[in-house]
Number of protein chains: 2
Amino acid sequence: MTFFNENPVTAADKTFYQLRKDIVEGDITAGAKLSETELSTKHAVSRAVVREAINRLESCHLVERKANVGARVVALTPEGLIELYQVRESLEGMAARLAATNMTEHEIAELQLLLDSHSDKVKTSANYYQEAGDVDFHYRIILGSKNNHLISMLLEGTYHLVRMYRVQLGMAGERVSTAFDEHKHIVQAITNRDPELAEMLMRRHILYSKNNIEQKLLKPNNDT
Amino acid sequence: MTFFNENPVTAADKTFYQLRKDIVEGDITAGAKLSETELSTKHAVSRAVVREAINRLESCHLVERKANVGARVVALTPEGLIELYQVRESLEGMAARLAATNMTEHEIAELQLLLDSHSDKVKTSANYYQEAGDVDFHYRIILGSKNNHLISMLLEGTYHLVRMYRVQLGMAGERVSTAFDEHKHIVQAITNRDPELAEMLMRRHILYSKNNIEQKLLKPNNDT
DNA sequence: AAGGCTCAGATTGTCGACAAAGTGAGTGTA
DNA sequence: TACACTCACTTTGTCGACAATCTGAGCCTT
C-alpha cells in the first residue's frame, strides 16, 4: 500500500512516518502520552525533530496537544468513528462525482482491470480484499477526482484515522461480497460519465459501511 | 469575527496567527518566499518559533514547503478556487444535513434571529452582509453539525483559504439579496428538521456562488 | 479528615550555534 | 557565445542548553 508522496528526506520526516505507523497500528496505545524526551532518546534524534513530528501528527488529528502539558494519542470512541465516516461519505462522494468527469479513459480502464483482478480473489481469500483491495479502490477514485484539496484532506488526514480505527477495533474482512458489488456499480457509473450517480452510489457504499460498523459497536458482545 | 479556539498562549501561537493574518489579507503577497531568519528578526522570536508557525501554515495549506529549500505562500489560481468551492460544497452540505438533526431548538432560534437582523441590514448597507454576516451564518451551521472533524477541517483549513481568495481577488458584496434568500430557505429546512433538503439547499447555495465566481474569473475585463 | 498551599521534580517552550544542503555568480573550456 | 564546473554564500535542518510552566506529593491550616 503506497501512499501519497512518501519519500522521507529529512529526519523529521522519518520520525513522523514511524510515529504515525506506530500510532495507527496500535504499537503506541490510544490515549497514551507522547513524551518528547523519551521519544527523542528512543529514535536517536533531537527533541526539535520529535516536536516537529508531533506537530504534524496533530495536523492529521492523530494526537491532541495542550500547551505546556504535552501531546496524547487521540482516544478511539464510537462517536469519533461515526464522525469520520460522515466526513468520508461527504468527501468521497464528491471525489466520485469529480472522478466521473475528470478521470482519463486510461485510468478508468485500469480501474476496471483492478476490479477484475479482485473478482477472482474475493472468491478465494475473502479477507484480502478488505485489507488492501478496498483501500486501493477508494485510493484511485480519490486521485481520479484531480482535486488537490480533496486528495490531501483524505489521504493525509482522514484515511490514516480510518485505518487506525480499522486496525485497532479489528474490523477487517467484513461485508466483502456486497461491498465488491457496490464497487462494480460505482465503476459502471464512472465509465458512463454519470457524476451524480457515481456520487450517490459512493455515498450509499460508505453509508452502508457506517451502518454495518454502527451495528457492531452497539452490540459488541456477540462473540462470547 | 471570532474564530474557533483562538487564544494565543505561546509565542509560536502568536506568530502563527499573525502570519496567517498577513497571508490571508495579502500583506505577505501570494507566492512570496517565507525566510525563517528574516521573519524571526522581524517578529523578535527565535527561528524555532517561526519554523513551528510555518509548519502549521503548511497544515492549513496556506504555504507550501520543500525540504532544504524553504516555504512559499501558495499561489492563487482560478483552479484552486474552484477546487476549494467543490470541497466546501461537499463538506458544508454535510454540515447542513447534520445540523438539521443535531442543532438544539435554542441554536435554531438564534440562527433565525441572526437572519432577521441581517434582513434589515441587507436593505441598508449591502456590502456588510457578505463581509461578516455570510461568514457568521455558515459558521453557525458548521458548528451546528456537532461533527468535530468536519468543524476543524472547515474552520482551521478551508475557511482561511476561502477568505484569502475573497480578500485578494476582491469579491465581496456580490450576489447579496439572492444569497440572503438562499440562507432563509436553508434555515427553514433546518427548522423543519429536514436533513436532505438542508443539504441540497446548502450545496446549491455554494454551487451558485462558485458559478458566480467562475463567471467573473473567465471574463475579468468587464470593468475597464 | 478535608481542603488549600508550597516547593521540588519533570516536562514543555524558546533560544543560539553548528552541520548539511541548496543557490547562483563567476570562471574556464569547447 | 553556450555550456558545465567550482566554490563561496545563503538558507534550512539538527542539536544541546536554558527558561517557563505544569504536576503532584507533602505539609499546614481549619
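Since the model is a prediction, treat every value here as computed from it, not as a measurement. Below, chain A is the first sequence line, B the second, and so on; all start at residue 1.
Note on Ala11(A): only backbone sugar-phosphate atoms sit closer than 4.0 angstrom, heavy atoms only; bases stay farther off. Heavy atoms of Ile54(A) sit nowhere under 4.0 angstrom from any nucleic acid atom.
Below 30°, between 30° and 60°, or above 60°: for His205(A) and His183(A) the angle between ring planes is above 60°, a perpendicular geometry.
You'll find the ring centres of His160(A) and His61(A) outside the 6.0 Å limit.
Closest to the side chain of Ser46(B), out of dG13(D), dC15(C), dT23(C), is dC15(C). Distance from the side chain of Ala12(B) is smallest to dT14(C) among dC15(C), dT23(D), dT14(C). Counting only heavy atoms from C-beta on, Glu36(A) has its side chain closest to dT12(C) among dT12(C), dC15(C), dG13(D).
The phosphate of dT11(D) has neither OP1 nor OP2 within less than 4.0 Å of any side-chain N or O from Arg72(B). Listed pair Arg65(A) / dT11(C) fails the phosphate criterion, with no side-chain N or O lying under 4.0 Å from OP1 or OP2. Taking 4.0 angstrom as the limit, Thr10(B) places none of its side-chain polar atoms (N or O) nearer than this to OP1 or OP2 of dT12(C).
What separates CD of Glu52(B) from P of dG13(C) is a distance of 7 Å, to the nearest Å. Here the P atom of nucleotide dC22(D) and the NZ atom of Lys33(A) are 14 Å apart, to the nearest Å.
Within a 6.0 Å radius of NZ in Lys33(A), more than 12 heavy atoms belonging to other residues, nucleotides or ligands are found.
DNA chain D is contacted by both Arg47(A) and Lys66(B); Lys66(B) maps to the nucleotide lying nearer its 5′ end (nearest heavy atom per residue). Along DNA chain C, the nucleotide closest to Asn68(B) and the one closest to Ala71(A) are compared, and the more 5′ of them pairs with Ala71(A).
For the pair Arg20(A) and Tyr17(A), the cation-pi test (distance below 6.0 Å, angle within 45°) is failed.
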